[in-house]
Structure formats: structure tokens, C-alpha cells
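Quick notes on the structure that follows.
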There are 2 protein chains.
Amino acid sequence: MAMLMIGELARRTGVKVNTIRFYEDIALMPKAARTDSGRRTYSEADVKRLTFIRNGRDLGFSTEELKSLIGLSEHPDLDCGAAAAIARRHLLAVEARMSRLMLMRRELERVAANCDGGRMADCQVIGAIAEAPSH
Amino acid sequence: MAMLMIGELARRTGVKVNTIRFYEDIALMPKAARTDSGRRTYSEADVKRLTFIRNGRDLGFSTEELKSLIGLSEHPDLDCGAAAAIARRHLLAVEARMSRLMLMRRELERVAANCDGGRMADCQVIGAIAEAPSH
DNA sequence: CTTGATCCTCCAGTGACTGGAGGATGTATT
DNA sequence: AATACATCCTCCAGTCACTGGAGGATCAAG
């Protein structure tokens with residue numbers, strides 16, 4: 001399998017080189033194998049893991065949460081009740097986020113549409129989003 | 001209208017007292033009026049604004065983005081094309097986030113369901129989420 | 001064998017909080 | 001009026017998750 005350098009991994013995942021090294025420091029990414037000269041090498045599995053991390057971070061999960069989420073798929077046999085509990089906890093967070101995002105979207109659509117007309121009557125971005133459930 | 005102290009505002013919005021003061025420092029919240037003894041006082045409008053900020057932050061918007069979003073509803077007459085542009089830009093970000101959240105949710109549901117059975121066959125949390133579109 | 005890109009480590013800075021010290025003020029109780 | 005306790009104030013140090021840069025080694029191409 002073709003090994004890639006850190007720069008290529010960065011390009012493929014959209015995660016900066018420095019950030020990848022930082023993720024290794026905090027053990028969110030495993031210690032990378034090195035070439036003789038000390039350069040990190042990565043595999044396709046690392047591309048997947050890092051893409052997952054990137055998506056997860058964008059969605060607001062902390063690095064600790066991502067570690068536990070990654071743990072889920074690394075020990076699929078072990079401790080299944082705990083895994084389900086973690087999954088369900090994250091599920092609740094995800095659903096809360098989605099409902100607020102839907103409200104935010106609806107209001108932004110309204111603003112964009114109203115503005116298109118030339119001038120907007122009353123822009124209630126805050127008013128609408130402020131009513132959204134908090135968690 | 002009944003004025004409230006910073007602690008009451010914190011309780012009502014779920015934003016910590018220190019964070020409210022921090023938001024004032026960075027001008028995300030306006031400079032609060034003060035009592036004779038120097039204590040900050042707030043109105044219902046502040047509750048709304050801060051609730052909006054809280055929701056927005058939870059959804060991953062930066063404080064700068066929230067300032068521009070708040071600007072939308074504070075100058076509804078002025079610069080309407082710019083407002084629509086900002087709104088549409090945020091709309092794209094919101095939609096990207098939603099589609100990734102939906103993927104995350106589907107996968108977490110699957111994990112939770114599989115685990116319920118007692119043991120999960122293969123937990124593909126990473127695999128599934130890693131395929132999600134990046135933006 | 002030099003040039004330029006990429007890699008390495010280390011370290012300082014940023015954004016968005018979070019918590020605590022040290023002290024003043026407000027309210028309720030004795 | 002005196003004490004107690006909550007809440008407020010300012011200021012400042014610490015945390016998390018990066019981000020960027022200095023200073024130097026390595027590699028691939030011309």
C-alpha cells in the first residue's frame with residue numbers, strides 16, 4: 001500500500017500539517033511510523049481517521065469526545081453496553097444541534113429572500129433564533 | 001420594564017457570568033448600563049440577544065460571525081444586498097453542517113441499535129462518517 | 001551541487017472562554 | 001447596628017484547540 005507524507009495527508013483531509021502533528025501529540029491520531037530520516041508516513045486508514053476527526057471537529061465534538069467515538073469502532077466486541085451509551089449520548093447532542101440548525105436555516109432563508117426583493121421589512125434573525133430550544 | 005442583574009441574566013441564558021462580561025469586552029454584547037454602585041443591569045432584549053449568541057456559539061459560529069449576523073437585524077433598512085449576501089453565506093455553512101450531522105446521526109443510530117442486540121457485528125463509526133462531504 | 005519544496009522540533013500567539021484572588025456592595029437576620 | 005452571606009466588581013492566570021514561524025535537516029530535480 002502506498003505510504004504518504006504528512007503534506008499529502010494534509011492536502012487530502014483539509015487538516016493542516018501542524019494540526020496533524022498536534023493530534024499526534026494529544027494521541028487523537030496514533031504515533032505515525034517514520035522513515036529512516038525521521039519523516040512521518042501515513043496510510044489510507046489514517047486518511048479515513050483524520051477525515052472523521054475533521055468532520056467531527058467541524059460538528060462541534062471535542063477531541064476527547066472524538067477519542068471515545070473512535071474507541072467505539074476500535075473495540076467493537078468489548079464493552080458493548082458502554083458503546084451504546086456513548087452513541088446515544090452523542091445522538092441526543094446531534095439531534096439538539098440539528099433542530100437549532102433548522103431554525104437558523106429557516107430564518108436565514110427568510111432574510112435572504114426578503115432582502116432579494118430590494119429592502120427587507122424587518123429582519124428578525126435574533127428574535128427567531130433566540131426562541132430556539134437550548135439543549 | 002424590570003431590569004436584571006448579571007447573575008439573573010446568566011441563569012436565564014445559560015451563559016456564565018464571566019463569559020457575559022467577556023462578551024461585553026469584545027463588543028459582542030453592548031456596554032451594559034450600570035447602577036449607582038457600578039453593577040451591570042440588563043433588559044429582556046439582552047436576554048434575547050444573549051440567547052441568540054449562545055445558540056449560535058453552540059452551532060459553531062464564531063463571535064465575529066455572530067456580530068455580523070446581529071448586524072443584520074440591527075440595520076434592517078441599510079445595505080440590504082450585503083445583508084442578503086451574509087445570510088446566504090451563512091446558509092451554505094448551515095446546510096453543510098446539517099448534511100454532516102445527518103450522516104453522523106444515522107451512524108450513531110446504527111451503532112446504538114446494533115449494540116442493543118447485545119454485541120455489535122462491526123462498528124463502522126469512522127468509516128461511515130469519514131465519507132461525509134467536507135464542505 | 002545548488003535550489004526549492006517539504007520535512008523536522010520547539011515555542012510563542014490566538015480565540016473563546018473559565019476560574020479564582022481580593023475587595024466592595026446588597027440583603028436578610030439577629 | 002452588627003454580622004453573615006450572596007452577589008457584584010476588576011484583574012489576571014490558565015485551558016483547549018489550534019496556528020504560524022524560527023531555525024535547521026532532507027530530498028528530488030535540474
Side-chain angles (χ1 to χ4, degrees), chain A residues 2-43 46-47 49-70 93 97 134-135, chain B residues 2-43 46-47 49-70 93 97 134-135:
Chain A
M3 291 294 155
L4 33 157
M5 298 279 99
I6 199 168
E8 185 58 25
L9 180 62
R11 232 165 288 124
R12 288 239 231 144
T13 56
V15 178
K16 302 200 172 162
V17 167
N18 274 343
T19 305
I20 297 172
R21 291 197 272 249
F22 170 73
Y23 285 161
E24 187 178 321
D25 284 355
I26 63 168
L28 184 52
M29 286 292 282
K31 290 225 165 209
R34 304 285 187 125
T35 65
D36 283 357
S37 65
R39 299 191 170 195
R40 290 169 180 84
T41 57
Y42 297 95
S43 68
D46 292 314
V47 177
R49 183 174 177 136
L50 192 52
T51 305
F52 166 77
I53 289 167
R54 204 215 166 225
N55 281 318
R57 288 292 303 131
D58 279 10
L59 296 174
F61 292 97
S62 72
T63 53
E64 285 310 311
E65 284 172 325
L66 292 177
K67 275 184 206 174
S68 81
L69 236 22
I70 289 170
R97 243 172 231 150
S134 263
H135 63 147
Chain B
M3 290 295 155
L4 33 158
M5 299 278 101
I6 199 168
E8 185 58 25
L9 179 62
R11 233 164 287 126
R12 287 238 230 143
T13 58
V15 178
K16 302 199 172 163
V17 167
N18 274 344
T19 305
I20 297 172
R21 292 197 273 250
F22 169 73
Y23 285 160
E24 187 178 320
D25 284 356
I26 64 168
L28 184 52
M29 284 293 282
K31 289 224 163 208
R34 305 284 189 125
T35 65
D36 284 355
S37 64
R39 298 190 170 195
R40 291 169 178 84
T41 57
Y42 298 95
S43 68
D46 292 313
V47 177
R49 183 176 178 135
L50 192 52
T51 305
F52 166 78
I53 290 168
R54 204 215 167 227
N55 281 317
R57 289 292 303 129
D58 278 9
L59 296 174
F61 293 96
S62 72
T63 54
E64 287 309 312
E65 285 172 324
L66 292 178
K67 276 184 205 174
S68 81
L69 235 24
I70 288 170
R97 241 171 233 149
S134 264
H135 61 147

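Lettering of chains follows the sequences in order, A, B, ..., and the numbering in each one begins at 1.
Between B/R34 and A/I53, the residue anchored closer to the 5' end of DNA chain D is B/R34, taking for each the nucleotide with the nearest heavy atom. Where B/F22 and B/T35 each meet DNA chain C at their nearest nucleotide, the meeting point lying more 5' is that of B/F22. Between B/E64 and B/K16, it is B/E64 whose nearest contact on DNA chain C lies nearer the 5' terminus.
Dashed line: the shortest gap from a side-chain N or O of A/S37 to OP1 or OP2 of D/dC27 is under 4.0 Å. Look at B/Y23 and you'll find a side-chain N or O under 4.0 angstrom from OP1 or OP2 of C/dC17.
Within the 4.5 Å cutoff, no side-chain heavy atoms of B/Y42 are placed close to those of B/L50.
Considering only the side chain of B/T63, C/dC17 comes nearest among C/dC17, D/dA17, C/dC7.
Note: CE (A/M29) to P (D/dA17) measures 16 Å, nearest angstrom. Separating the CG atom of B/N18 from the P atom of D/dT10 is a distance of 11 Å, rounded to the nearest angstrom. When the P atom of C/dA16 is taken as reference, atom CD of B/E24 falls 17 Å away, rounded to whole Å. Rounded to whole Å, the distance from CZ on A/R11 to C1' on C/dC7 is 12 Å. Taking atom CD of B/E65 as the reference point, atom C1' of C/dA16 lies 13 Å away to the nearest angstrom. A/E8 places its CD atom 18 Å from the P atom of D/dC27, with the value rounded to the nearest Å. To the nearest angstrom, C1' of C/dT18 lies 14 Å from CG of B/D25. Taking atom CG on A/D36 and atom C1' on C/dC8, their separation rounds to 15 Å, with Å as the unit.
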Q) Where do B/F22 and B/L28 land on the side-chain contact (heavy atoms from CB on, under 4.5 Å) test, with the steps shown first? A) CA-CA 9 Å; B/F22 169 73; B/L28 184 52; over 6 Å; no
(Q) Applying side-chain contact (heavy atoms from CB on, under 4.5 Å) to B/N18 and B/R21, what does each step give before you reach the verdict? (A) CA-CA 5 Å; B/N18 274 344; B/R21 292 197 273 250; 3.3 Å; yes
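Just one residue in the list B/T35, B/D46, B/L4, B/L9 forms a side chain to side chain contact (heavy atoms under 4.5 Å, CB included) with B/T41, and that residue is B/T35.
Contact annotation for A/I26: no contact, since no heavy-atom pair falls under 4.0 Å across all strands. Among the heavy atoms of the strands lying under 4.0 Å from A/R21 is at least one base atom, whether or not backbone atoms are also near.
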